Amino acid sequence: MEKAQAYIRIQELKEILTEANRRYYVENSPTLSDYEFDMLLKELEALEKEHPEYATPDSPTQNVGSDLFQAAGTEPAAKAKRGKAEKPKKEFEQQPHRYPMLSLGNTYDITEVQEFADRAVKTIGNNFSFSCELKFDGTAICLTYENGKLAKALTRGDGKVGDDVTENVKRISNIPQELKTPAGFIPTLTEPEPWPEQFEIRGEIYMPWAAFDRLNEERISEEEQPFANPRNAASGSLKLIDSKMVANRGLECTLYHILGEDLPFHTHDQALKAAQSWGLPVSDKRKVCKSIDEIETFIKYWDTERKTLPFATDGIVIKINELPYQEELGYTAKFPRWAVAYKFKAEQALTKLLSIDYQVGRTGAVTPVANLEPVQLSGTVVKRASLHNADQMEILDIHVGDYVYVEKGGEIIPKITGVELSRREADVVLPHFPENCPDCGTRLVRDEEEAKAFCPNQTGCPTQIKGRLVHFLSRKAMNVIAGDATIEQLYNKALVWNIADFYELTQEHLLTLDGWKEKSAERFLSSLEDSKKVSFDRVLYALGIRYVGETKAKVVATHFGNIDAIAKASLQDLMNVDEVGDVVAESIYEYFQNADNLETISRLKAAGLKFEMDSLPEKLSETLAGKTIVISGNFSISRDAMKALITAHGGKNSGSISGKTSYLLAGEKPGPEKIKKAETLGVQIIDEETLNRMIQ
Ligand code: IVH
């Protein structure tokens with residue numbers, strides 16, 4: 001390549017990769033697939049090698065991507081306002097890393113793993129082994145333990161300074177705040193504790209598939225943008241402002257690298273085994289290998305088996321096992337020379353984009369959905385894929401008629417990750433995101449801050465009205481058996497426009513529907529009658545308040561107890577509720593300021609729906625009679641409900657542990673002090689499941 005051409009391409013690649021890094025690490029909304037990114041980075045590396053005069057220290061080849069928050073007013077912070085029901089970024093305090101937090105060199109080619117090993121042999125000779133581990137697809141974390149206690153948790157940041165996310169990390173259930181003494185440890189004068197006085201341990205915070213699917217399902221039902229993959233979901237969740245919300249995200253941690261001064265280990269494997277014995281989460285899916293053949297077998301095994309794992313892995317990390325050799329090999333500016341990542345190629349399918357539908361949801365959000373030529377992907381046929389929003393369509397430069405790459409992000413929604421430009425034909429058509437609602441024709445609003453377009457005609461747009469009706473009757477809401485076609489007919493015949501109209505339907509009305517006989521009408525009416533027994537939290541969810549999904553509805557209903565208390569609550573009262581961020585609080589507050597909504601609620605009240613939480617009967621049993629119970633941590637029900645349950649079964653609640661305490665009921669994240677005290681006093685510690693068995 002000519003010098004001038006090389007210069008232009010280098011600038012172009014730097015720009016593309018810097019922006020891709022920002023979208024990946026800061027916005028958690030990647031624009032390139034890992035493979036595309038890695039290939040472009042390799043192209044840039046090669047060009048910079050050929051033309052060192054154009055290599056600069058700010059190049060993405062010289063720096064690890066940064067997850068640090070960008071100053072207020074920049075795009076990601078502003079976008080957080082309405083497009084997401086939570087404020088995912090804030091200025092966390094930034095702290096320097098004691099040791100730089102680097103990335104890993106990666107390859108998709110086993111011969112490059114051989115080259116990595118050959119390079120190591122040149123420096124350290126032949127007598128070493130490899131530690132092979134899963135490459136966890138999450139977000140990097142650095143934990144500092146001091147005297148056996150978790151002192152600090154930093155994100156990778158830009159590798160030199162990280163965001164202090166200690167409070168959030170404390171909410172992740174498998175990260176111990178205190179280390180445990182391994183059985184058989186005998187303290188000595190020189191070794192009073194089993195662990196070093198101070199050490200760092202690094203690893204990955206990840207979101208298992210089940211938690212990811214649950215979160216995305218909830219986001220989709222709230223018409224929020226789903227996370228593209230579990231890595232982005234983990235990283236977004238770790239940076240939530242409200243640390244209480246982190247507890248519910250189902251995040252987990254795995255640790256894979258100990259650092260400190262004068263650590264007493266000879267190999268990486270020994271270090272990880274010791275960490276595990278102190279109660280730290282270390283994966284057992286690793287192997288010490290002696291040869292490249294063994295490494296290859298390990299890679300091949302996990303390339304297949306990874307599909308059965310409950311979390312995402314994107315490759316295998318191969319590390320020199322002996323720590324003195326690691327030290328000898330050292331680091332480049334960006335990577336250790338003692339480790340390399342072999343990355344698995346994501347399962348992708350290439351297929352033709354036939355058309356794009358613009359779907360209006362029940363809250364008015366307009367989402368582009370791709371119709372694809374059916375294609376097999378990881379065992380299922382994919383026909384439709386989400387395109388997220390207009391920004392995403394533009395970034396992909398997608399044209400109708402293009403061949404596009406489809407990947408699965410979890411079980412729910414396949415997504416389009418790229419366009420195969422080499423197969424673009426002359427007759428492809430550039431799609432235009434509609435200016436007006438495809439349903440009612442109202443001009444769409446597209447807030448500058450907002451990634452999504454909305455139809456503002458909430459009360460008149462048929463799709464929004466029908467969407468609210470469908471949502472109201474759905475299984476997790478009022479659970480009334482009715483197909484979308486029934487609702488369509490009821491709406492078209494002007495029998496139901498408002499959710500409260502359902503309860504004014506009569507047999508005569510229903511017999512006017514096509515194909516309806518007395519039996520079907522009776523069934524429908526009796527299902528509506530049954531829905532009056534649905535609990536208040538589900539009724540609240542059924543109202544379809546924006547951003548109030550099942551979980552939020554449960555939290556708010558339990559907190560306030562009844563609808564009047566919610567309607568009367570100030571914005572501040574709502575924001576004070578655990579797990580309710582200010583966007584959700586604002587949405588609830590606005591809902592109850594609207595006279596039409598209040599009218600709907602009073603009609604539903606008159607129909608007999610439940611608008612307060614069921615209080616537990618005074619007495620359910622005497623199973624816990626004479627028992628004093630202290631509760632600590634979080635449970636599947638609120639703490640108040642748990643206390644009421646104990647009382648209803650004859651037990652007594654107490655706030656502090658003493659010799660008279662019968663049980664410490666420990667939920668998720670119990671207070672370490674309480675546990676310690678219970679252990680010292682010999683008070684039996686039970687979990688929620690045990691309590692449930694006792695009172696059944
Ligand atoms: S060791 C000096 N081991 O992958 C870097 N990293 O793409 C030492 N990762 O930055 C890292 N699983 O965040 C290591 N078993 C594992 C890993 C792992 C995932 C992450 C880590 C790293 C990134 C590079």
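Predicted model, so just to flag it, every value in this text is computed and none were measured. Each ligand, and each atom within it, is numbered from 1 in the order the structure gives.
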- Task: Check side-chain hydrogen bond (donor to acceptor under 3.5 Å, both in side chains) between Gln392 and all other residues, then give those that pass, not counting sequence neighbours.
- Result: none
- Listed partners of Tyr301 passing ring pair (Phe, Tyr, Trp, His ring centres under 6.0 Å), at least two apart: none
- Note on the structure: Residue set satisfying ring pair (Phe, Tyr, Trp, His ring centres under 6.0 Å) with His257, at least two apart, ordered chain then number -> Trp338
- Task: For ligand 1, list the protein residues that place a heavy atom within a distance below 4.0 Å of one of its atoms, sorted by chain and number.
- Result: Leu102, Ser103, Leu104, Glu133, Leu134, Lys135, Phe136, Ala140, Arg156, Glu204, Tyr256, Val317, Lys319, Pro336
- Query: Any Lys/Arg nitrogen of Glu43 or Arg9 sitting under 4.0 Å from an Asp/Glu carboxylate oxygen of the other?
  - Reply: yes
- Query: Just by distance, do the side chain of Ser235 and the backbone of Arg231 share a donor-acceptor pair under 3.5 Å?
  - Reply: no
- Query: Below 4.0 angstrom, N of the basic side chain to O of the carboxylate: do Lys319 and Glu133 qualify?
  - Reply: yes
